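What's counted below: heavy atoms across the whole structure, side chains too, no hydrogens, waters or symmetry copies. On a predicted model such as this, the values are computed, not experimentally measured, just so you know. Per chain, numbering begins at 1; letters A, B, ... match sequence-line order.
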Amino acid sequence: MLEELIKKSLLAVLEKYSVFEEDIDIQLEKPRDRSHGDLSTNLALMLGGRLQRKPRELAGEIAAEVSFPGDVIESVEIAGPGFINFRIASAYQVDLLMDLWGPEGALEAIKTGAQKRINVEFISANPTGPLNVVSARAGAFGMTLVRLLDAIGYDAHAEYYVNDAGLQVGLLGRSLRAHYLQLAGDEVEFPENGYHGRYLEIMAAELMEQDSLAVKKAASAFDDESFQRITAPEGNAEDWRKKPEEDSVRCFSKYALMKILSWQRETCRRFGLRFETWYFESELHETKRVERALERLRKTESVFEEDDAVWFRATDYGDEKDRVLVRTDGMPTYFLADLAYHYHKFQRGFEHAIDFWGPDHHGYIQRMQGAMEALGVARDWLEVQILQHVTFLEDGRPINMSKRQGQFVTMDALMDEVGADVAKFIFLTRKPNSHLEFDLDLAKEQSNENPVFYVKYAHARICSVLRNAAEAGIDPGEPDAEVLKRLDQDAEWNLVRELIRLPQVIVSAANSREPHRLTGYISEIAGLYHQFYHQCKIITDDEQTTLARLHLSLMTQRVLRRVLELIGIDAPERMGEKN
RNA sequence: GCGCCCGUAGCUCAGUUGGAUAGAGCAGCGGACUUCUAAUCCGCAGGCCGCAGGUUCGAAUCCUGCCGGGCGCGCCA
């Protein structure tokens, strides 16, 4: 690593001042202003006070004495109040660039994850309706983070938790049943707080037409292992209708759950989300994991009974209040099931777990981590990322997204209107913890001005240049260091300097859980390529120049593809209707 | 009331974890297509980084207090 080398060389000089490695954390950073060199350190400023020296003077001495092996550093200068600025030799920058070309694309060096297994859980929406746009944002973040973690050498596992055992599913069945009975002409009272979504009306209408064979067939959509436990209820809606209310509701619930999960899964596929596991809450109950988790927790003396309920002493673990585990009616709370779920996640051998939650769940973090701690799992084993809400604007006005009102923007509608790629890109331009305002009209009507096209266009433009080269009978072959070293224009080097940042961008995006750094990075790359394209004619009469610029184009293409792959966006060969 | 998040150009947001003259896109104004794709590029204009203190060589960034906005504070999930 270049930075390590510079630090080592600086430390060698610092010994004269009786400053050693353990005394100081040398910081190297890329200056904003390029005239300040490629890398800069503030160490003279940091040491000035301690050594009773003027920082600028000190910087001068250090700069004069420091030396580097090889021809890596071209120049060392002091500037400002005492910064020491380094200029990296262009030949060395070309070497760094070439590292990006191999099959691992210079990423071998950043694979620090040691194949540790990390579970990344996201979306986990209630199975009570189609996925909405909040889930879309979570999907874009979660899936990209999984790929980022894999890229730096972890074994990341995408997981979706299905709350199929709670009261909401019963309410869903009750609502579907009410819709159905209404269609069938029965007098029914709609359940209090029931689901009024149009999708349930449609589902009820479909049910009118379906015989038991059709119902069974609907279940066969689930072929993969995660969904083995999902089956269709026997018979058809007419049969269910005749049953006693409780049995009847159960059948309608089962059917609704099955249908909605098939929608959700299809929507995820369409959005490019690949979950390795769909984990069902009902399985936790069936396998007695909920009870066992409670038993285990009881042994820790952080459980007590009061008012006929069972409580977790969450206040001992940093929470504001103690929390109920088992309600007065003997039913476990969502919290207990969820904690059993996370404990099982731990038992399944994940060394770390990352959950993406909505902002309304942030008050839930303390009790969850507290309970895990009580069970003997380190507090930071579970990491919770809060994703702020998305406000969708249509006609300049926010859209009400309450499911209960039956009026919300679905993820499918979003993909229909703006496309999956545009949506993903926009979601990933903001950091997780900031609110996102998504103007639907702007995204679909003025989609040419969307940043995602800017990046795609840069990629397509490169493809076009390469096609033209091929047509002119030029075969650039593989990028070559000797050829690239002939680059001599500012626009070319601006691009080179940015391209070689790829590894560190990936590392920082992964470790900070901020995938939005990727979109910023490729927007920058795309911009620099467009500038280069305008400033430097690529295919010229000069064979050497042509070759060097084609190689630079190939490198840019490689980097754009790599990052677009991480985000899950298509890199088109040419721009057209579809993009 | 308590807790968490946010406040940066007219709008939407970045700001490399404390660095040098605070950036980009959109909107506005002015330029560049006989050209390897103009879905692009170049230029201009736009700022009390919510306010006030503090920490130090140095603060949009860290600490404290206000102001303003969002969310949470269930034996719901």
Establish whether the base of B:rG72 is bridged to the side chain of A:H361 by a donor-acceptor pair shorter than 3.5 Å. no
Give a yes/no on whether any side-chain N or O of A:Y457 is located under 4.0 angstrom from OP1 or OP2 of B:rA39. yes
Under 4.0 Å between a side-chain N/O of A:K431 and OP1 or OP2 of B:rG15, yes or no? yes
Tell me whether the side-chain N/O atoms of A:R32 come closer than 4.0 Å to OP1 or OP2 in B:rA20. yes
Using a strict cut-off of less than 4.0 Å between a Lys/Arg side-chain nitrogen and an Asp/Glu carboxylate oxygen, indicate whether A:R513 and A:E383 qualify as a salt bridge. yes
What integer number of Å spans the C1' atoms of B:rG10 and B:rC57? 37 Å
Closest-nucleotide mapping onto RNA chain B: is A:G363 or A:S40 further toward the 5' terminus? I mean the 5' end. A:S40
Closest to the A:Y454 side chain, choosing from B:rU40, B:rC36, B:rC76: B:rU40
Determine the Euclidean distance between corresponding P atoms of B:rC63 and B:rG19; express it in Å to zero decimal places. 15 Å
To the nearest angstrom, the CD-P distance between A:Q531 and B:rU40 comes to 13 Å
Specify the separation, in whole Å, of atom OH of A:Y529 and atom P of B:rU37. 10 Å
Per the atom types in the model, does the base of B:rG72 pair as donor or acceptor with the side chain of A:D360 at under 3.5 Å? no
Quick one: does A:T328 reach the base of B:rC75 with a side-chain donor-acceptor pair under 3.5 Å? yes
Nucleotide paired to B:rC66 in any strand shown, Watson-Crick or G-U, under 3.5 Å: B:rG50
Measuring only the C1' atom in each nucleotide, how far is B:rC42 from B:rC5? A whole number of Å is fine. 40 Å
Can you tell me how far P of B:rC76 sits from CZ of A:R323, to the nearest Å? 13 Å
Rounded to the nearest Å, what distance is computed from the CG atom of residue A:L336 to the C1' atom of nucleotide B:rA77? 14 Å
Is any side-chain nitrogen or oxygen of A:Y364 closer than 4.0 Å to OP1 or OP2 of B:rG3? no
Measure CG/A:N468 against C1'/B:rC36 and give the value in whole Å, please. 5 Å
How many Å lie between CE on A:M575 and P on B:rA38, as a whole number? 13 Å
On the nucleotide B:rA77, are OP1 or OP2 found under 4.0 Å from the side-chain N or O atoms that A:R327 carries? yes
So, OP1 or OP2 of B:rC6: does either fall under 4.0 Å of a side-chain N or O from A:Q388? no
Under 5.5 Å and under 30°: A:F83 stacked on B:rG19: no
Tell me which nucleotide, if any, is Watson-Crick or G-U wobble paired with B:rC2 when both distances must be under 3.5 Å. B:rG72
Taking the same atom, C1', in B:rA14 and in B:rG23, what whole-Å distance lies between them? 7 Å
Is it possible for you to check whether A:R461 lies under 6.0 Å from the centre of the six-membered ring of A:Y533, through NZ or CZ, and within 45° of that ring's axis? yes
OG on A:S40 to CD on A:Q27, rounded to 0.5 Å: 10.5 Å
Has the side chain of A:R486 got a donor or acceptor atom that lies under 3.5 Å from a matching backbone atom of A:L547? no
If you measure from the ring centre of A:H435 to the centre of the six-membered ring in the base of B:rG70, is it under 5.5 Å, with the planes under 30° apart? no
Do the side chain of A:T333 and the main chain of A:V324 share a donor and acceptor less than 3.5 angstrom apart? yes
Under a 3.5 Å cut-off for both distances, is B:rU35 Watson-Crick or wobble paired, and to whom? none
Answer yes or no: does a side-chain N or O of A:R461 lie under 4.0 Å from OP1 or OP2 of B:rA38? yes
Between the side chains of A:K30 and A:E498, is the shortest nitrogen-to-carboxylate-oxygen separation below 4.0 Å, so that they form an ion pair? yes
Which value, in whole Å, describes the distance between the P atoms of nucleotides B:rU17 and B:rU12? 27 Å
Rounded C1' spacing from B:rC73 to B:rC11 in Å: 34 Å
Nearest to side-chain heavy atoms of A:R430, which nucleotide of B:rC36, B:rU37, B:rC13: B:rC13
So which nucleotide from B:rA20, B:rU37, B:rG19 ends up closest to the side chain of A:L45? B:rG19
Give a yes/no on whether any side-chain N or O of A:Y533 is located under 4.0 angstrom from OP1 or OP2 of B:rA38. yes
Has A:S434 got a side-chain N or O lying under 4.0 Å from the OP1 or OP2 atom of B:rC6? no
Give the nucleotide from the list B:rC71, B:rA14, B:rA39 with an atom nearest to the side chain of A:H362. B:rC71
Given the C1' atoms of B:rG18 and B:rA60, what is the spacing between them in whole Å? 11 Å
Counting heavy atoms not belonging to A:D308, are there more than 12 under 6.0 Å from its CG? no
Please tell me which of the listed nucleotides, B:rG74, B:rU40, B:rA77, lies nearest to the side chain of A:K321? B:rG74
Say we look at B:rA22 and B:rC13: how far apart would their C1' atoms be, to the nearest angstrom? 14 Å
Could you give the CG-to-P distance, from A:L436 to B:rA14, as a whole number of Å? 9 Å
Taking pairing as Watson-Crick or G-U wobble with both contacts under 3.5 Å, can you name the mate of B:rC13, or confirm there isn't one? B:rG23
Give a yes/no on whether any side-chain N or O of A:N126 is located under 4.0 angstrom from OP1 or OP2 of B:rC76. no
So, A:E573 and A:R561, do they make that salt bridge, N to O below 4.0 Å? yes
